[in-house]
Enquirer: 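Below is the structure I would like to discuss, written out as structure tokens.
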Amino acid sequence: MFPADFAYARARSLDEALDLLDEARAAGEEAKLIAGGQSLLPMMKLRLAAPQLLIDIADLRELGGGGWHGAADGTAAGPDPGYSIGALTTYRELGRSRLVNGALPVDHQGAAGPGGGIPAITDALAVLADPQVRARGTIGGAVAHGDPAADLPAVLLALDAELTIVSRKPAAAGRRVIALDDFLQGIYATDLAEDEIITHVSIRTHGARGSAYEKFPHPASHLPLAGVCAVVRLRDGRIEGAQVAVTGISPRPYRARETEALLAGVSPAPAILAAAAARVTAVPPATPTAPAARAPGAVTGAGSGRVTLLGDQHASAGYRAHLAEVLTRRALARAAASAR
Amino acid sequence: MSLIGRPLTRREDPPLLTGRGRYVDDFAPDGTLHAFVVRSPLAHARITRVDVTEAREAPGVHAVFTAADLAGLGAGHLPGGEGLPPGSLNPEHPVLARDKVLWAGQPVALVVADTPERAADAAELVDIDYDDLPAVTAVLEAAADDAPRLHDGTPTNVAFRKRLITGHADQAFARAAHTVGQRMTSQRIAPVAMEPRGVLACPADDGRLDIRLPTQRAHGARIWLAKILGLPQDRLHVMTGDVGGGFGAKGPLYPDQVAVIAAALALRRPVKWIEERSESFTATTHGRDQVADLELAADEEGRITAMRGTVHASMGAYFTPNGPGSLLGRLGPMLPQAYRLEHFDVELVGVFANTTPIGPYRGAGRPEAAYFTERLVDMLAREMAADPVALRRRNFIPATAFPYTTVTGLTYETGDYHAGLDLLVEKLAEPPRTAQSTERQLLSQSGQLLGRGIATFVEPGGIVPKAPGPDGTIGDQATVTIDPDGKVTVAVGTSGHGQGHETAFAQLAADLLDVPIDDVTVVFGDTDTAPFGYGTFGSRSLAAGGTAIYNACHAALDAARRVDAPMPVAGAAARLGGITAGGSSGAPPETYASGAYGCDVAVDQETGQVTLLRVVAVDDCGVIVNPLLVEGQVHGAVAQGVGQALTEQISYDENGQPLSASLMDYAVPFAATLPPIESYSVVTPSTINPLGVKGMGESGTIGVTPALVNAVMDALSGHGIRHLDMPLTPEKIWTALHPS
């Protein structure tokens with residue numbers, strides 16, 4: 001397992017990293033950013049990726065830290081601010097953060113789940129890869145890789161994640177914020193341009209206390225054959241809002257918006273949750289407020305009303321869809337229980 | 001106090017567990033070059049052109065070898081299959097492919113460079129043109145008359161047929177009150193040793209070649225190498241060093257290893273090659289890959305009277321030496337298992353296919369025989385609405401009947417199958433031994449389908465060739481040297497690779513010689529310092545190597561008695577200026593260990609996921625030298641047997657491209673898959689050897705696989721499901737539960 005030859009540069013600042021990206025582009029070289037390396041290095045060893053230049057961004061303090069209302073990216077606090085997480089935050093740091101362990105309230109107004117924190121993140125980190133990967137892998141890398149079968153993107157998607165992305169483009173174009181749902185495009189395909197770096201990922205609970213992540217692991221890789229994150233906000237015993245995101249079964253993680261719509265305003269009884277879960281692979285018709293699919297070519301099965309499904313020798317497309325339904329039911333039940 | 005039977009911890013573990021083991025890749029003499037193997041990307045193709053010009057000119061490259069280059073060096077072909085019936089095909093297996101490639105992964109060229117990276121880079125410059133041919137990978141399809149032919153000039157891919165026939169099976173079936181039959185597969189799986197294969201060949205100043213080779217049979221590798229390279233054996237010095245697991249796959253000598261050794265000879269430089277993990281899934285032998293169509297007949301009371309049918313076994317693209325033997329010597333003859341049937345008619349068919357060659361893999365025919373028979377016995381029990389335990393008891397060879405010659409002509413020397421099954425039933429009736437098992441039981445109480453399965457088995461071990469070895473002696477040899485200072489060196493021709501031989505053999509010698517165990521050093525795996533032997537495979541080392549050590553120790557004791565006064569052996573050695581004595585295993589028949597395994601499972605009806613709740617293992621391996629080593633063998637083998645039952649499978653697409661050539665796709669069991677394993681023993685000493693020992697290396701893979709599949713089928717029985725082929729993946733089970 002030997003990667004092809006490559007050059008290596010360790011950037012000391014975000015500015016230097018952006019310069020290196022620009023220089024490589026001008027020279028017609030393929031450059032890749034490396035942070036934790038837990039996805040990129042295996043691909044290089046298998047020679048599925050052969051960048052000519054690796055730009056190591058592990059030292060960039062500008063990509064660390066985190067806090068309420070996007071303190072790091074400077075946006076103002078609104079009524080429902082995001083919590084900003086530095087892109088270089090490792091899975092392990094995330095798992096040890098106050099955000100997850102509950103010492104910090106999960107929204108700025110002080111609401112928190114019964115155990116505090118965001119249970120779905122805890123769930124995902126407990127079943128995500130192994131301790132070595134969790135020690136090195138970063139949250140920015142998890143989204144930048146565009147892996148169709150990764151755990152964390154489903155959780156981030158259900159938490160309405162937005163990415164802050166910077167580049168050397170002039171003026172306002174040099175710094176943009178994009179919803180993760182718009183960023184993910186297909187198998188290892190994202191909206192990240194060659195000259196861009198993700199600096200922060202921000203998430204929003206909308207005050208929801210309840211959440212859960214359910215995973216059915218691939219027997220060998222332990223990546224999700226199917227994974228479902230549910231975030232549930234209850235009021236007076238009824239579901240006020242629910243977000244459901246699915247990974248592993250489709251070219252990219254997606255939001256199950258028809259399931260979400262079916263859950264609005266209902267009581268979380270098992271039969272009702274099951275009926276909503278049964279529509280987890282459905283694509284609702286487009287409406288002005290809920291576009292059918294933000295990356296239509298990637299997710300929507302053409303005219304089928306169903307998301308495009310992946311299948312291979314480990315699990316057929318139909319079985320993965322079935323698993324998604326079962327896991328949705330289970331995730332919703334746990335999320336609703338923890339929301340009380 | 002006797003050392004036999006004491007659970008001494010493994011003396012080899014401290015260095016291995018603290019990174020001080022010495023594996024082949026830990027050696028890098030000055031000037032070592034590194035090889036990279038160029039392999040066929042296609043499963044079946046004609047080679048029309050090989051151009052290595054550009055690769056030879058790449059930076060750091062010292063040489064590139066093709067089949068033509070090796071022929072120029074006088075290298076011959078690999079050994080073919082052994083023990084074949086008359087009329088069998090036995091095609092030549094080239095070191096590097098010449099005209100055709102027959103499986104995706106077959107070596108075609110070898111690049112030797114300064115560094116492994118440069119060798120890998122240059123390998124991409126080797127330019128080979130192929131004419132693609134249709135490929136066939138499934139054994140029954142390969143056996144068909146209209147299948148694409150692998151080997152030029154042969155009329156069929158069927159390499160051999162052999163019918164084992166005793167009594168009048170058809171008449172017995174005509175008379176039978178109950179019959180069951182089933183097509184069953186034992187799917188192709190990969191051994192997946194922790195240490196991949198490799199080799200380091202170093203031309204020495206004295207004109208010899210020092211070869212570091214992680215192998216299970218140092219002397220055997222030397223014999224094969226001498227033949228292939230046309231060199232006298234004494235010019236070859238094979239050293240195994242520490243070996244990180246073999247499971248049968250490090251028994252054969254491989255074409256890539258031979259090419260590297262030939263390159264070292266040609267370049268007069270040390271050359272090293274270490275297999276990549278992905279290569280190990282296409283270039284290291286696979287195991288199993290059989291399809292059985294078998295039937296059992298029984299009378300009104302459920303006494304099994306006959307078995308008949310056919311077993312097709314893939315050999316892969318070429319024979320390995322022991323590939324045919326797993327079918328002919330193990331799978332077929334062991335089908336009667338622990339039962340007294342009188343009529344037997346089974347045809348064994350060996351078939352070439354465009355797949356990685358099949359070699360022995362932990363059990364090598366034994367697990368398959370037990371799986372097929374124990375599945376059929378459970379089906380018979382279901383058919384008769386009988387208790388699977390009672391049905392087995394009714395058919396067991398009774399303890400009073402030993403030595404017992406089976407319907408296939410094997411003589412089981414001792415055993416008490418009732419005692420093993422009784423103990424299993426007793427232990428299964430008790431609560432699990434550990435809290436983790438109890439937790440798993442609780443986890444299963446949420447609407448899951450519960451099942452229990454058992455399986456019993458008989459395991460041959462301790463095989464020794466009857467013909468003399470290259471030095472004219474019969475059997476495995478051992479030498480015991482007692483220095484004047486009382487230090488003892490035991491050298492033996494078996495070749496451990498992770499089993500704990502240093503500990504077990506030291507226990508044995510210290511006990512027999514009555515010396516402190518810390519004074520005993522055990523040596524093996526080096527053709528210069530260890531006497532001749534057949535190596536370690538097929539649960540043979542304690543029975544064969546242990547017997548040789550026993551005889552050598554007694555010869556040393558005899559020598560010590562020549563001293564006038566009775567005294568400890570160390571004192572005699574001091575008086576005599578040292579004692580050296582040899583011993584041999586001779587060539588006794590095989591021993592027959594046995595066991596009874598039980599599994600509890602829960603099946604998630606919504607997903608088809610199987611949770612293994614409990615494994616209880618009862619083994620009779622005769623006299624136990626070290627119970628800790630026995631339990632360790634059970635644990636490792638159970639893990640591998642569970643892997644075959646639930647998750648492991650080598651698969652190919654319709655063009656013969658491997659679909660499971662990495663640990664991202666090939667599913668070995670994880671620690672969390674396994675519950676704590678409850679291991680128990682019954683002991684019926686063997687009468688074959690002076691130690692009373694039987695084989696122990698494979699029992700877990702033999703017992704747990706059918707017990708686990710029987711348990712899952714028990715869980716699914718309420719849904720009209722009679723049989724599913726392994727691996728029992730969630731999707732397969734869910735689909736069976738929800739036929740649409």
Side-chain angles (χ1 to χ4, degrees), chain A residues 1-6 38-39 42-48 50 126-127 129-131 133 147 149-150 214-228 248-249 270 274 277-278 309 311-331 333-334, chain B residues 34 36 59 113 115-124 192 196 274-281 446 604-610 643 646-653 657-673 727-735 737-738 740:
Chain A
M1 307 284 272
F2 304 110
D5 272 350
F6 60 89
Q38 298 306 296
S39 298
M43 293 185 87
M44 289 172 62
K45 286 182 170 186
L46 291 166
R47 299 199 170 196
L48 295 173
V127 295
D130 51 44
V133 170
D147 192 326
E214 286 277 340
K215 171 180 186 172
F216 195 90
H218 183 293
S221 70
H222 276 211
L223 295 167
L225 275 180
V228 176
I249 74 168
L309 295 167
D312 62 13
Q313 81 266 26
H314 299 293
S316 68
Y319 180 62
R320 282 175 205 248
H322 166 73
L323 286 178
E325 181 185 338
V326 172
L327 299 185
T328 301
R329 209 186 312 137
R330 292 176 181 181
R334 284 208 296 119
Chain B
H34 299 269
F36 192 92
T115 67
E117 292 83 357
R118 284 178 148 177
D121 286 344
E124 293 190 348
V192 199
I274 303 295
E275 180 182 64
E276 297 186 348
R277 180 58 68 186
S278 51
E279 285 181 291
S280 80
F281 282 104
S446 50
D604 184 336
Q605 297 184 69
E606 288 190 323
T607 64
Q609 177 73 46
V610 174
L646 294 184
T647 57
E648 294 186 40
Q649 177 160 40
I650 290 282
S651 49
Y652 296 90
D653 73 8
Q657 287 296 312
L659 295 174
S660 40
S662 81
L663 286 169
M664 292 290 279
D665 290 303
Y666 187 82
V668 294
F670 284 65
T673 311
L728 298 174
T729 60
E731 181 168 8
K732 194 180 287 180
I733 290 172
W734 178 76
T735 305
L737 282 170
H738 303 89
S740 54

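Here is the naming used below: chain letters follow the sequence lines, and residue numbers restart at 1 for every chain.
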Enquirer: Given that the side chain runs from C-beta out, which part of His322(A) has a heavy atom under 4.5 Å from chain B: side chain, backbone, both or neither?
Expert: side chain
Enquirer: Do you know which of Gly318(A), Ser316(A), Ala4(A) has the most heavy-atom pairs with chain B at a distance under 4.5 angstrom?
Expert: Ser316(A)
Enquirer: His218(A), Lys45(A), His222(A): which one forms the most heavy-atom pairs within less than 4.5 Å of chain B?
Expert: His222(A)
Enquirer: What are the two closest heavy atoms between His314(A) and Asp665(B), and how far apart are they?
Expert: CE1-O, 2.9 Å
Enquirer: So which of Ala667(B), Ala119(B), Ser662(B) has the biggest tally of heavy-atom pairs under 4.5 Å with chain A?
Expert: Ala667(B)
Enquirer: Would you give the length of the straight line joining atom CG of Leu46(A) to atom CD of Glu276(B), rounded to the nearest 0.5 angstrom?
Expert: 8.5 Å
Enquirer: Which bit of Leu327(A) comes within less than 4.5 Å of chain B, counting heavy atoms only: side chain, backbone, both or neither?
Expert: neither
Enquirer: Against chain A, work out which of Glu279(B), Glu124(B), Glu606(B), His738(B) has the most heavy-atom pairs shorter than 4.5 Å and name it.
Expert: Glu606(B)
Enquirer: Check Phe2(A) against Pro116(B) and note the closest heavy-atom contact, atom names and distance.
Expert: CZ-CB, 3.2 Å
Enquirer: In terms of heavy-atom proximity below 4.5 Å to chain A, should Pro727(B) be classed as side chain, backbone, both, or neither?
Expert: neither
Enquirer: Provide the closest heavy-atom pair for Gln313(A) versus Ser651(B) in the form atom of the first, atom of the second, distance.
Expert: CG-OG, 4.1 Å
Enquirer: Are Leu225(A) and Glu731(B) close enough that some pair of their side-chain heavy atoms sits under 4.5 Å apart?
Expert: no
Enquirer: By a 4.5 Å heavy-atom criterion (distance strictly below it), what part of Leu659(B) contacts chain A: side chain, backbone, both, or neither?
Expert: both
Enquirer: Looking only at heavy atoms, which two atoms of Asp121(B) and Arg47(A) are closest? And how far apart?
Expert: OD1-NH2, 2.7 Å
Enquirer: So which part of Arg320(A) gets closer than 4.5 Å to some heavy atom of chain B, the side chain, the backbone, both or neither?
Expert: neither
